[in-house]
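Predicted model, so just to flag it, every value in this text is computed and none were measured. First listed ligand is number 1; within each ligand, the first listed atom is number 1. The residues of the chain are indexed from 1 along the displayed sequence.
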Amino acid sequence: MNIARARPEDAPDMASVHAQAFDKPWDENDFEDLLDGEGIFGVLARGEGPAGVVICRTVAGEAEILTVGVAGWARRTGVGRSLMHAAIDLAREAGAQLMFLEVDVANPAAITLYERLGFQRAGLRKAYYDRGVDGLADALVMRLDLTPTAL
Ligand SMILES: CC(C)(COP(=O)(O)OP(=O)(O)OC[C@H]1O[C@@H](n2cnc3c(N)ncnc32)[C@H](O)[C@@H]1OP(=O)(O)O)[C@@H](O)C(=O)NCCC(=O)NCCS
């Protein structure tokens with residue numbers, strides 16, 4: 001598995017893998033625009049094909065994971081963990097001291113991944129996700145201290 005910082009020309013592969021991970025995926029233009037954004041970087045995993053993607057934004061010493069997804073065929077092989085490690089390293093290089101993310105309270109796979117990485121539960125955003133016919137779902141806010149003494 002190759003894990004590398006995403007370049008603008010990776011947008012089609014990022015959109016392709018995002019569509020394999022989410023019901024409401026972001027398209028190629030979304031990824032192009034994101035990678036153009038101030039303080040935003042992406043990391044792409046490639047195996048037989050695009051396997052996983054993470055997008056992160058760093059602002060004023062804080063990093064936020066905007067999305068992370070792994071294609072169904074590549075799950076439980078360490079791709080999500082590797083993507084998150086790469087994002088953590090790049091965020092620290094960019095000067096971030098804290099990393100935040102939001103996750104659906106009903107997503108045990110992602111919550112377990114984040115907890116194993118050291119993220120702690122920091123709060124709850126009520127009715128944050130629109131699950132369509134299934135109604136609104138709460139988001140758990142999680143945070144990771146990126147300062148050298150914390151890791
Ligand atoms: C969440 C997601 C990114 C995990 O990616 P992954 O590549 O399968 O995760 P990894 O193989 O790196 O797993 C690392 C650890 O996370 C935990 N984990 C991952 N998937 C899990 C699952 N389905 N159930 C329980 N724990 C899980 C385990 O502790 C795992 O370590 P282990 O395999 O040694 O037990 C992936 O399931 C996914 O893309 N889901 C759909 C999109 C999504 O929900 N994204 C997160 C939005 S906040």
Side-chain angles (χ1 to χ4, degrees), residues 1-6 10-35 37 39-59 62-94 96-146 150-151:
M1 192 67 61
N2 175 268
I3 309 274
R5 187 169 180 146
D10 293 321
D13 282 350
M14 297 170 92
S16 152
V17 74
H18 207 255
Q20 296 173 66
F22 291 96
D23 292 339
K24 294 180 189 164
W26 300 349
D27 68 18
E28 195 175 321
N29 290 330
D30 294 330
F31 281 101
E32 271 175 12
D33 290 348
L34 277 167
L35 291 179
I40 298 185
F41 65 81
V43 180
L44 181 64
R46 277 203 182 85
E48 302 281 301
V53 65
V54 61
I55 299 280
C56 179
R57 173 172 53 206
T58 58
V59 180
E62 291 191 354
E64 182 185 9
I65 297 294
L66 302 183
T67 192
V68 56
V70 173
W73 60 267
R75 286 186 195 158
R76 290 315 284 269
T77 62
V79 175
R81 184 191 290 119
S82 299
L83 286 168
M84 288 298 296
H85 276 304
I88 288 166
D89 288 347
L90 288 168
R92 291 184 77 205
E93 278 171 28
Q97 296 173 326
L98 276 176
M99 180 174 272
F100 287 92
L101 57 80
E102 280 128 7
V103 56
D104 190 326
V105 291
N107 189 346
I111 292 171
T112 307
L113 166 65
Y114 303 142
E115 285 184 334
R116 292 276 163 90
L117 287 164
F119 279 84
Q120 295 182 335
R121 295 168 189 236
L124 203 63
R125 290 195 208 284
K126 302 292 278 181
Y128 187 76
Y129 296 110
D130 185 353
R131 288 213 203 110
V133 290
D134 293 327
L136 299 172
D138 298 343
L140 189 60
V141 180
M142 303 186 80
R143 59 169 262 172
L144 179 69
D145 189 341
L146 300 180
L151 293 178

How many angstroms lie between atom [atom1] of [X] and atom [atom2] of [Y], to the nearest 0.5 angstrom?
{"X": "R46", "Y": "N2", "atom1": "CZ", "atom2": "CG", "result": "7.0 Å"}
{"X": "Y129", "Y": "K24", "atom1": "OH", "atom2": "NZ", "result": "11.5 Å"}
{"X": "L144", "Y": "Q120", "atom1": "CG", "atom2": "CD", "result": "8.5 Å"}
{"X": "L113", "Y": "M142", "atom1": "CG", "atom2": "CE", "result": "9.5 Å"}
{"X": "T58", "Y": "M99", "atom1": "OG1", "atom2": "CE", "result": "9.0 Å"}

(request) Anything under 30° is parallel, anything over 60° is perpendicular, the rest tilted; go ahead and classify W26 against F31. (result) tilted
Please write down residue, atom name and distance for the protein heavy atom closest to [atom].
{"atom": "atom 18 (N) of ligand 1", "answer": "A109 O, 3.7 Å"}
{"atom": "atom 29 (O) of ligand 1", "answer": "R116 NH1, 2.8 Å"}
{"atom": "atom 37 (O) of ligand 1", "answer": "R75 CD, 3.4 Å"}
{"atom": "atom 48 (S) of ligand 1", "answer": "Y114 OH, 3.2 Å"}
{"atom": "atom 15 (C) of ligand 1", "answer": "R81 NH2, 3.7 Å"}
{"atom": "atom 39 (O) of ligand 1", "answer": "V70 N, 2.7 Å"}
{"atom": "atom 4 (C) of ligand 1", "answer": "L113 CD2, 4.0 Å"}
{"atom": "atom 8 (O) of ligand 1", "answer": "R76 N, 2.8 Å"}

(message) If we only consider heavy atoms of M84, is any one of them less than 4.0 Å away from an atom in ligand 1?
(response) no
(request) Please verify whether a non-hydrogen atom of G69 lies at under 4.0 Å from ligand 1. (result)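 Within the 4.0 Å threshold, so yes.
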(request) For a side-chain contact (heavy atoms from CB on, under 4.5 Å) with L83, tell me which candidate from V70, V53, I88 qualifies. (result)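 Filter result, single survivor: V70.
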(request) Indicate yes or no: does R131 engage D23 in a salt bridge with an N to O separation below 4.0 Å. (result)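 Answer for the salt bridge query: no.
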Within the 4.0 Å heavy-atom shell around [X], which atoms of ligand 1 are there?
{"X": "A110", "answer": "1 (C), 46 (C)"}
{"X": "A21", "answer": "41 (C), 42 (C)"}
{"X": "V79", "answer": "7 (O), 12 (O)"}
{"X": "E102", "answer": "48 (S)"}
{"X": "F22", "answer": "42 (C), 43 (C), 45 (N)"}

If you measure every N or O of [X] against every N or O of ligand 1, does any of those distances drop under 3.5 Å?
{"X": "T77", "result": "yes"}
{"X": "G78", "result": "yes"}
{"X": "A74", "result": "no"}
{"X": "V68", "result": "yes"}
{"X": "S82", "result": "no"}

I want to check something: taking the side chain as every heavy atom from C-beta on, are [X] and [Y] in contact at a cut-off of under 4.5 Å?
{"X": "D138", "Y": "Y128", "value": "no"}
{"X": "L35", "Y": "M14", "value": "yes"}
{"X": "L44", "Y": "D13", "value": "yes"}
{"X": "R57", "Y": "F41", "value": "no"}

(request) Taking atom 2 (C) of ligand 1 as the reference point, report whether a protein heavy atom occurs under 4.0 Å from it. (result) no
(message) Donor-acceptor pair, distance only, cut-off 3.5 Å: does the side chain of S16 make one with the backbone of P12?
(response)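 Answer holds: no.
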